[in-house]
K.L.:
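A single structure is presented below for examination.
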Amino acid sequence: MAERAEAMRAPQPVRAEPVEAPSRSSSAPRPRPLARLRPWVIPALLLIAFELYARRASALGSDSLAPVSAALKAWWGAAMDGSLWQATAFTLGTAALGLLVSALLALAGGIALGLSARAARMGFMTTELLRTVPSVALIPLAMLMFGFGVRMEMAVIAFATFWPLMLLVQAAVRQVEPRLLEVSRVLGLSARERAFKIVLPAIAPRLFVALRLGVAVALVVAVTVEIAANPNGMGYAMMIAQQSFDPALMLAWLGWIGVVGYAVNAGMLRLQQRVARRMGAA
């Protein structure tokens with residue numbers, strides 16, 4: 001009896017009831033339709049302010065500015081006669097070719113410099129000297145070597161985007177888990193197999209960050225080369241509009257270049273997120 005009474009006095013373990021996790025649909029708030037419009041409020045206000053200012057300047061006799069409505073009308077005219085799409089295709093195509101060449105070279109160079117400390121020390125001075133050269137300064141040399149056209153612009157774009165891409169790839173390779181490289185050495189993998197089977201999958205998320213930077217630099221350099229020297233593309237079309245004293249068309253090209261840059265960057269961001277989900281990233 002005493003043992004039974006002692007057992008009854010002892011505290012009994014409390015069973016924890018299973019708690020149902022809240023569903024993802026109920027926990028995550030749905031974005032409101034008006035919340036999606038908030039990022040566009042300031043650009044819309046700026047456009048309205050510029051429209052009013054340009055109309056007032058035109059009323060006072062100024063021919064250097066045109067209202068947004070006139071720029072939209074000029075953009076529509078360029079879109080209808082095909083000049084808009086032709087110039088856009090030339091600029092984007094040349095930028096893509098230059099970026100492709102620089103990305104392949106930067107990938108190979110960045111992996112080599114990231115895996116080999118000796119190669120990094122040997123190439124340090126060359127990299128620091130050449131990456132500080134402004135890409136615009138190479139336009140005369142590229143014109144002498146390739147003349148006007150795609151090859152000249154592509155060479156300048158490749159030079160401008162090669163150095164930041166290579167440095168970012170080199171930094172990403174240095175951050176690869178050392179144990180993975182040790183396992184590859186134990187397995188007897190060759191340098192090529194180590195690069196394709198170990199290094200590239202490990203640095204894939206960082207590669208998309210480098211590519212987003214390269215896309216922005218390539219588009220900026222492409223338009224700059226077209227403004228300065230190459231008689232093709234969106235930059236040249238904007239210069240022709242300026243020299244023809246057509247501010248509406250010039251502003252239309254300027255706005256269109258901004259829209260194209262935003263669309264390209266948004267597309268790269270969407271691709272990066274999709275690849276990250278496919279690779280299991282949060």
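Every heavy atom of this structure was used, including side-chain atoms; hydrogens, water molecules and symmetry mates were not.
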K.L.:
Could you check if a side-chain atom of Leu99 sits within less than 4.5 angstrom of a side-chain atom of Leu165, using non-hydrogen atoms only?
P.N.:
yes
K.L.:
Treating Ile, Leu, Val, Met, Phe, Trp and Tyr as nodes and any side-chain heavy-atom pair under 4.5 angstrom as an edge, say whether Ile257 and Trp76 lie in one connected cluster.
P.N.:
yes
K.L.:
Quick test of your reading: applying side chain to side chain donor-acceptor pair (under 3.5 Å), list the pairs with at least one residue in residues 250-263, sequence neighbours left out, ordered by first then second residue.
P.N.:
Thr88-Trp256
K.L.:
Output the distance between atom CG (Leu92) and atom CH2 (Trp85), rounded to the nearest 0.5 Å.
P.N.:
11.0 Å
K.L.:
The criterion is side-chain hydrogen bond (donor to acceptor under 3.5 Å, both in side chains); which residues satisfy it with Arg131, sequence neighbours excluded?
P.N.:
Glu128
K.L.:
Take a 6.0 Å sphere around CE of Met125 and say whether it holds more than 12 heavy atoms from other residues, nucleotides or ligands.
P.N.:
no
K.L.:
Excluding sequence neighbours, so at least two apart, what forms side-chain hydrogen bond (donor to acceptor under 3.5 Å, both in side chains) with Gln243?
P.N.:
none
K.L.:
If I take atom CG from residue Leu207 and atom CG from residue Leu168, how far apart are they, to the nearest 0.5 angstrom?
P.N.:
9.5 Å
K.L.:
Locate the shortest heavy-atom distance separating Val173 from Gly110; write the atom from each residue and the value.
P.N.:
CG2-O, 4.1 Å
K.L.:
Tell me every residue that passes side-chain hydrogen bond (donor to acceptor under 3.5 Å, both in side chains) with Thr127, counting only those two or more places apart in sequence or in another chain.
P.N.:
none
K.L.:
Distance alone, cut at 3.5 Å: any donor-acceptor contact between the side chains of Asp246 and Ser244?
P.N.:
no
K.L.:
For residues Ala71 and Ala252, report the shortest heavy-atom separation together with the two atoms involved.
P.N.:
O-CB, 3.3 Å
K.L.:
Is there a side-chain contact between Gln242 and Met238 (heavy atoms, below 4.5 Å)?
P.N.:
no
K.L.:
Is there a path from Met250 to Val68 through hydrophobic residues (I, L, V, M, F, W, Y) whose side chains come within less than 4.5 Å of each other?
P.N.:
yes
K.L.:
Please tabulate, one pair per line, all N/O donor-acceptor pairs under 3.5 Å involving side-chain atoms of residues 135-164, not counting sequence neighbours.
P.N.:
residue, atom, partner, partner atom, Å
Glu153, OE1, Asn230, ND2, 2.7
Thr161, OG1, Ser102, OG, 2.7
Thr161, OG1, Ile157, O, 2.8

K.L.:
Transitively linked via ILVMFWY side-chain contacts under 4.5 Å: Leu113 with Leu104?
P.N.:
no
K.L.:
Establish whether Val133 and Leu105 are linked, either directly or via other cluster members, by ILVMFWY side-chain heavy-atom contacts under 4.5 Å.
P.N.:
yes
K.L.:
For residues 209-228, tabulate all N or O donor-acceptor pairs below 3.5 Å that involve a side-chain atom, not counting sequence neighbours.
P.N.:
residue, atom, partner, partner atom, Å
Thr224, OG1, Val220, O, 2.7
Glu226, OE1, Thr91, OG1, 3.1
Glu226, OE1, Met234, N, 3.1
Glu226, OE1, Gly235, N, 2.9
Glu226, OE2, Thr91, OG1, 2.9

K.L.:
Working to the nearest 0.5 Å, report the span between CG of Leu254 and CH2 of Trp75.
P.N.:
15.0 Å
K.L.:
Mind checking whether Val101 and Phe90 sit in one hydrophobic cluster, side chains of I, L, V, M, F, W, Y counted as touching below 4.5 Å?
P.N.:
no
K.L.:
In Å, rounded to the nearest 0.5 Å, how long is the span from CD of Gln170 to CG of Leu107?
P.N.:
12.5 Å
